[in-house]
Each structure stands twice: as C-alpha cells, then as structure tokens.
Amino acid sequence: MAHAAALQIRHLNKHYAVENRPLQVLQNIDLSIRPGEFVSVVGSSGCGKSTLLRLIVGLEDDYQGDILVDDKRIVGTSLERGIVFQEHRLFPWLTVAQNVAISLLNADLSAADKQESVQTHIEMVGLKGFENAYPSQLSGGMSQRVAIARALVSRPQILLLDEPFGALDALTRSHLQRELQNILRQERITTIMVTHDVEEAVFLGDRIVVMEPRPGRIKRIVEVPLARPRERANPLFVAIKDDVMSDFSEVSAVPQVPSIHAGIDTWRLTW
C-alpha cells in the first residue's frame, strides 16, 4: 500500500501575463488535505481548478505561496504525484501493459517487480486479458481505466484527477466512479479531483471545495458525512448535492460582463 501524504496549500496566488498585464487566476488559496482524504474541487469554467492541479503536480512553479507535501515544498514533477486527465493520453503505438509500464521507467525496481506491479494494476482496474491490446482496440471507458492504472502503478502519495470521466457516457461514468471508489478505498491514496459534476463530487469526496471565478478563490468547503458505498437516492446525498448546486445558481444569476480575457484561464487549463 502506498504512503498517503498530507497536502498543505498556503496563501497561494497565481497570475499569467496577458498583454503585458497580470491576469490573476488564483487568489489566496488556503487548503489542508489529510492523508488518505478524497477532496473534490468544483467550480464553473475559468475558476482555476485545473491550474490548481497543475501547480500541485509540479508542472508550473511560477506562483506565490506554498504547496507542501508532508511539509516539504513541491519542486517539479514526481512519481509521488500521479495524475489522470479527461483525455486518457495513451500512446497509440504501445499496448495496455506497455502504457502502464511507462510510469515505472525510472523506478528503482527489478524488471520482474515492474512486470508484477503492471499486471497487478491492470487487474485492479478490471482489464485482465487486455494486456496486449492497443488503445485503438479499447472503448473510452477501458482507455480511462488504463490511464488510472498508469497513474497508480508508481504507488503515488497523491493522486490528481482532472475531470477523469468528463468525456464518457453517463452509464460508463457511473460505473467507473464506483470502481474508482473501491480502488481508492483499498489503496488509501490522498486524492484531489476537479470536476464540473456536482453529483460526482458528492459521490466520491470526503469534502467538497467550492470555488468561485475571476480570480479563482475558495468560496466554502462542504463536508460529506456519508458512509461508503454511497447511494445517490439517499436523502442526505440529495440534500448535499442541492446545497452545493445552489452556489452555482447564485453565480448564474449575476450578469456577466463580456471580456476579451474571459476564456484565457480555460484555454490554458485545457492545453
């Protein structure tokens, strides 16, 4: 079992330079995540959710404030922080097993141990028998399972999920949400997921971080005191979902002033 890390974000601010002027993307983000906790981050497009993940994974280091894993400041990318994107991003010329093994290229393991770990994680995501299949031979849901296995095979301390099921149909998405819940319950990995889907956030999260846009900042944090496995028809589940949804009803009720910069954050996040 991987070591589950604690994550601390302190006074985080991030801006981009646009036409020689600073465009604030994240403002004064403070968040502490306990080891093994699953935190869902929700917010409308442009609130900086995916920018936050990019900073945590170490893809960017130009920011103000601190991002700490077990009290150590993040410096660059690391196998200790795995990430799954909305698009599976598998290499089409590699098999399922080879795509998963990519994450272990620099791991200090013997060839036999690498092979065993790859096989274990392929089976964990329900793809036993597809080791030698290519991405073109897989459905969207199966491809995303491979991406999850690839992120988990290095036994990360923190797993980052950027709209991991957003491109899937409703039935596949619901099924993979349950599978992911079971996997993470076994692995006990600290997990941060950004999503537009409030129901998904309630189904998976221990807490929900609600963000508001321009600049992106935390509006509030909602506890989800529901035992697992969770049922979407549970009255408390529905009440929590409706409570979080009310935040976005308020946002949509406020007239938006068009701006040539309105889509800059979304463009950077989906790159």
Side-chain angles (χ1 to χ4, degrees), residues 1-17 22-43 46-85 103-104 106-108 148 150-164 180 183-195 201 204-224 265 268-269 271:
M1 183 179 295
H3 163 66
L7 178 71
Q8 289 185 310
I9 302 173
R10 299 173 180 167
H11 314 303
L12 176 65
N13 289 276
K14 168 69 179 174
H15 71 271
Y16 291 111
L23 176 65
Q24 192 81 20
V25 180
L26 295 171
Q27 183 179 70
N28 201 28
I29 303 294
D30 286 286
L31 180 64
S32 293
I33 299 176
R34 300 181 293 271
E37 186 177 17
F38 192 119
V39 171
S40 302
V41 181
V42 299
C47 72
K49 302 185 302 298
S50 293
T51 292
L52 180 61
L53 280 198
R54 289 175 64 86
L55 297 181
I56 295 172
V57 82
L59 292 173
E60 296 186 42
D61 58 9
D62 181 20
Y63 61 87
Q64 298 76 49
D66 294 301
I67 304 176
L68 308 172
V69 174
D70 286 343
D71 297 321
K72 296 180 181 178
R73 185 179 174 90
I74 286 176
V75 179
T77 57
S78 168
L79 290 177
E80 295 177 348
R81 298 183 304 281
I83 188 165
V84 178
F85 297 97
S103 291
L104 296 178
N106 298 317
D108 187 19
I148 292 170
R150 183 175 59 186
L152 292 175
V153 73
S154 61
R155 313 309 293 269
Q157 297 177 358
I158 294 176
L159 178 65
L160 306 167
L161 304 171
D162 191 359
E163 297 278 1
L180 179 64
I183 291 169
L184 295 180
R185 187 166 52 193
Q186 289 179 307
E187 295 291 292
R188 296 298 300 164
I189 298 173
T190 306
T191 305
I192 304 103
M193 177 185 69
V194 302
T195 180
L204 292 170
D206 297 307
R207 289 187 294 161
I208 301 172
V209 176
V210 181
M211 294 188 66
E212 52 188 354
R214 305 198 182 95
R217 55 204 183 277
I218 295 176
K219 180 176 183 179
R220 63 176 177 137
I221 298 176
V222 179
E223 297 282 344
V224 185
D265 193 31
R268 289 184 181 273
L269 305 187
W271 175 79

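The basis for the numbers below is simple: all heavy atoms, side chains too, and nothing from hydrogens, waters or symmetry mates. Just so it is clear, the model here is predicted, and its values are computed rather than measured.
- Within the 4.5 Å cutoff, side-chain heavy atoms of Leu26 are placed close to those of Met211.
- Annotation for Pro156 and Gly82: closest pair CB-N, 3.6 Å, computed over non-hydrogen atoms.
- Across all their heavy atoms, Pro35 and Ala4 have their closest contact at CB-O, 3.4 Å.
- The distance from atom CD of Glu60 to atom CG of Leu52, rounded to the nearest 0.5 Å, is 11.5 Å.
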### Task
Could you go through the side chain to side chain contact (heavy atoms under 4.5 Å, CB included) check for Gln24 and Arg217 one step at a time?
CA-CA 10 Å; Gln24 192 81 20; Arg217 55 204 183 277; over 6 Å; no

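- In this structure, Glu80 has no salt bridge (charged side-chain N to carboxylate O under 4.0 Å, His left out) partners at least two apart in sequence or on a different chain.
- Within the 3.5 Å criterion, the main-chain N or O of Leu184 finds no donor-acceptor partner in the side chain of Arg188.
- Atom CD1 of Ile208 is separated from atom CD of Glu223 by 10.0 Å, given to the nearest 0.5 angstrom.
- Asp66 is linked by a salt bridge (charged side-chain N to carboxylate O under 4.0 Å, His left out) to Arg73, counting only residues two or more places apart in sequence or in another chain.
- Looking at Ile218 and Asn28, their side chains never come closer than 4.5 Å, going by heavy atoms from C-beta outward.
- Taking the side chain as every heavy atom from C-beta outward, Asn13 and Gln27 approach each other to under 4.5 Å.
- Counting heavy atoms from C-beta outward, Ile9 and Ile56 have side chains that approach closer than 4.5 Å.
- Checking side-chain atoms of Lys49 against main-chain N and O of Val42 turns up no donor-acceptor pair under 3.5 Å.
- Without hydrogens or angle criteria, Arg10 side chain to Gln8 main chain gives no donor-acceptor distance under 3.5 Å.
- Minimum interatomic distance between Ser154 and Ser103 (heavy atoms only, all atoms of both residues): CB-O, 4.1 Å.
- Between Lys14 atom NZ and Thr51 atom OG1 the span is 7.5 Å, to the nearest 0.5 Å.
- A distance of 9.5 Å separates CD1 of Ile189 from CD1 of Ile183, quoted to the nearest 0.5 Å.
- Side-chain contact between Leu12 and Gln64 is absent, with no heavy-atom pair separated by less than 4.5 Å.
- For the pair Gly205 and Val224, the tightest heavy-atom approach, listed with the atom from each and the gap, is O-CB, 3.4 Å.
- The distance from atom OG1 of Thr195 to atom CG of Leu161, rounded to the nearest 0.5 Å, is 10.0 Å.
- Contact detail for Ile74 and Arg81: the closest heavy-atom pair is CG2-NH2, 3.5 Å.
- A pairwise comparison of heavy atoms in Phe38 and Ser40 identifies CE2-OG, 3.7 Å as the closest pair.
- Here Ala5 pairs with His3, Val69, Asp70, Gln157, Ile158 under the side chain to side chain contact (heavy atoms under 4.5 Å, CB included) rule; sequence neighbours left out.
- To the nearest 0.5 Å, atoms CG (Leu55) and CD1 (Ile29) are separated by 10.0 Å.
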